[in-house]
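Just below is one structure, and these are the notes that go with it.
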Amino acid sequence: MQVFTYFLPHSIVISNSFHILAFHTPWYNDFMQQALLTWYDQVKRPLPWRGTADPYAVWVSEIMLQQTRAETVSGYYVRFLERFPSVHALAAADEQDVLKAWEGLGYYSRARNLKKCAEVVSGALCGVFPGDVDALRKLPGIGAYTAGAVASIAFGIRTPAVDGNVERVVARLRGVREDVGIPSVKRLIQWEAEELMPADRCGDFNQAMMELGARVCQPVSRCEACPVRQFCDAYEAGDADALPVKQRKAPQRVIPRAIALVFHEGTVLLHRREERLLQGMWCFPGFDHVDTPGEAAKQLKKLDIDAVYTETVGNARHVFTHIIWEMTLMAFRAETRVAPEGWLWTDLDTLASLPLPTATKAAQRAAVERLSQFVPDLLA
Ligand code: SF4
């Protein structure tokens with residue numbers, strides 16, 4: 001039987017009529033890294049955090065970029081750094097102000113952890129971020145991805161930063177065809193990601209992988225535009241869009257919810273949430289599994305709020321990762337300004353100054369409209 005051996009730039013292929021064996025050459029990674037970095041240098045988006053190696057700025061950008069698109073983050077990042085220009089400024093800030101600066105970005109636990117982490121770095125670490133992955137991971141709100149990103153971009157350490165985009169790129173490049181939710185497969189992806197890395201330009205390489213995942217190696221892949229397709233296992237096998245393999249998530253639960261806009265003489269009632277979801281954000285009173293005004297009034301009464309239903313002002317929907325709120329916005333009129341401790345009767349100016357989550361935007365608009373109408377009456 002005749003055996004053929006081919007030497008490709010990045011592989012050695014040995015074949016006979018029945019079998020093909022392909023080995024990556026030792027220089028496979030060099031070619032791949034070069035191709036990716038050259039592409040990155042040519043096409044990278046001019047995002048405001050690109051080009052900085054300040055650990056504080058890198059850390060803020062990486063926390064903001066979790067679960068959020070770069071285009072959305074840009075404006076927030078610039079304003080945040082203007083408002084809190086150093087880790088000391090962030091540590092000294094009021095949590096309310098930090099949440100206000102985060103308003104609209106979602107996943108507010110990130111903002112609360114950012115503040116906690118700043119307090120540790122500013123205090124115990126005298127303002128110096130550790131240039132070490134393990135030490136970074138001990139800080140509040142810093143997981144494997146953020147530690148990898150800060151260590152590589154700010155300190156040039158050769159360590160991967162595997163977020164959802166990079167996980168997809170690595171699974172496809174290296175042909176990982178097992179469920180990435182399995183811990184051993186997760187570890188394999190992390191290991192493969194590290195194997196792919198060059199000895200220098202580590203921060204740029206990680207950002208290039210993220211850029212590739214965000215713009216080319218998307219869930220529906222654009223392999224024809226990919227600078228590393230000749231190194232890609234999934235491209236060769238033609239199954240890119242089937243990777244990474246993931247178990248289907250359970251669908252989100254839909255929860256009907258009454259939102260009570262309780263007005264009293266130019267003010268509306270708000271409370272600061274203590275629940276884990278939207279913790280620390282200011283919200284209108286809301287009641288799960290309530291969709292009638294009578295039931296909402298009963299729930300208000302339980303809180304010692306005497307209020308009369310006036311009208312339903314609209315509906316709104318907000319999708320979280322695990323649940324969906326189907327909200328009915330109901331207006332009430334309270335006879336007195338009695339409210340539970342810690343709740344707040346807010347006028348228009350105070351309402352604008354407090355951090356309210358995106359989930360309450362429709363209710364906020366309705367409240368602002370109503371409060372704006374109240375001002376001329378007062379002056380009359
Ligand atoms: Fe992703 Fe396709 Fe590029 Fe492979 S060739 S890395 S699947 S875009």
Side-chain angles (χ1 to χ4, degrees), residues 6-13 20-45 47 50 62 65-71 144-145 148-149 152-153 158-182 185-249:
Y6 307 96
F7 291 90
L8 299 175
H10 51 79
S11 315
I12 299 169
V13 181
I20 296 179
L21 276 175
F23 303 94
H24 291 314
T25 55
W27 52 92
Y28 165 94
N29 276 2
D30 293 348
F31 279 93
M32 198 284 290
Q33 290 152 6
Q34 252 173 40
L36 185 61
L37 284 167
T38 306
W39 170 81
Y40 177 68
D41 289 339
Q42 286 166 357
V43 307
K44 68 180 172 211
R45 291 165 291 177
L47 298 167
R50 292 259 157 88
E62 289 301 334
L65 283 164
Q66 290 167 16
Q67 321 272 354
T68 314
R69 290 162 54 82
E71 291 76 10
Y145 165 77
S152 61
I153 298 168
R158 185 176 177 275
T159 187
V162 182
D163 64 355
N165 281 339
V166 174
E167 179 182 76
R168 186 169 58 248
V169 174
V170 173
R172 289 172 175 178
L173 267 176
R174 304 309 282 250
V176 178
R177 292 182 173 77
E178 288 161 277
D179 183 351
V180 290
I182 298 170
V185 182
K186 268 209 177 310
R187 284 197 295 276
L188 175 66
I189 293 274
Q190 188 80 13
W191 183 84
E192 292 281 11
E194 189 165 344
E195 280 293 291
L196 286 168
M197 290 191 75
D200 46 22
R201 293 197 68 191
C202 298
D204 283 348
F205 184 83
N206 279 343
Q207 291 187 83
M209 291 284 278
M210 294 171 203
E211 190 85 355
L212 188 73
R215 294 176 61 191
V216 180
C217 196
Q218 294 165 333
V220 175
S221 56
R222 297 177 49 235
C223 299
E224 69 293 344
C226 181
V228 291
R229 62 179 181 272
Q230 71 265 44
F231 305 98
C232 180
D233 191 285
Y235 179 69
E236 205 170 302
D239 64 351
D241 290 353
L243 300 181
V245 176
K246 276 183 182 173
Q247 250 189 5
R248 263 199 200 176
K249 281 191 197 149

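One-based numbering, in listed order, for ligands and for the atoms of each. Side chains are part of it too, since the values below use all heavy atoms of this structure and drop only hydrogens, waters and symmetry mates.
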Atom 4 (Fe) of ligand 1: nearest protein contact (heavy atom, Å):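 Sorting protein heavy atoms by distance from atom 4 (Fe) of ligand 1 puts C232 SG, 2.3 Å first.
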Tell me: protein heavy atom nearest atom 3 (Fe) of ligand 1, and distance?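 Residue, atom and distance for the closest contact: C226 SG, 2.3 Å.
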Of the non-hydrogen atoms in P160 and Q190, which two are nearest, and what is the gap between them?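 Heavy atoms of P160 and Q190 come nearest at CG-NE2, 3.7 Å.
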Which pair of heavy atoms, one from P219 and one from R172, lies closest together, and at what distance?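 Looking at all heavy atoms of both residues, the closest pair is O-NH2, 2.9 Å.
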Subset of ligand 1 atoms that lie under 4.0 Å from at least one heavy atom of [X]:
| X | result |
| --- | --- |
| R172 | 7 (S) |
| R229 | 5 (S) |
| A240 | 7 (S) |

From NZ (K186) to CG (D179), nearest 0.5 Å: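 K186 atom NZ to D179 atom CG measures 9.0 Å (nearest 0.5 Å).
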Looking at atom 1 (Fe) of ligand 1, is one of the N, O or S atoms of C217 less than 2.8 Å from it?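 A backbone or side-chain N, O or S atom of C217 is under 2.8 Å from atom 1 (Fe) of ligand 1.
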Does C223 bring an N, O or S atom to within less than 2.8 Å of atom 3 (Fe) of ligand 1?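 Checking atom 3 (Fe) of ligand 1 against C223, no N, O or S atom falls under 2.8 Å.
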Run through V180, V185, V176, V169 and flag the one making a side chain to side chain contact (heavy atoms under 4.5 Å, CB included) with P244.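 By the side chain to side chain contact (heavy atoms under 4.5 Å, CB included) criterion, P244 pairs with just one of V180, V185, V176, V169: V180.
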Under a 3.5 Å distance rule, please check whether R215 uses its side chain to pair with a backbone N or O of V43 as donor and acceptor.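 Yes, because the side chain of R215 sits within donor-acceptor range (under 3.5 Å) of the backbone of V43.
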When you compare the side chain of W39 with that of V216, does any pair of heavy atoms fall below 4.5 Å?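 Side-chain contact under 4.5 Å: yes.
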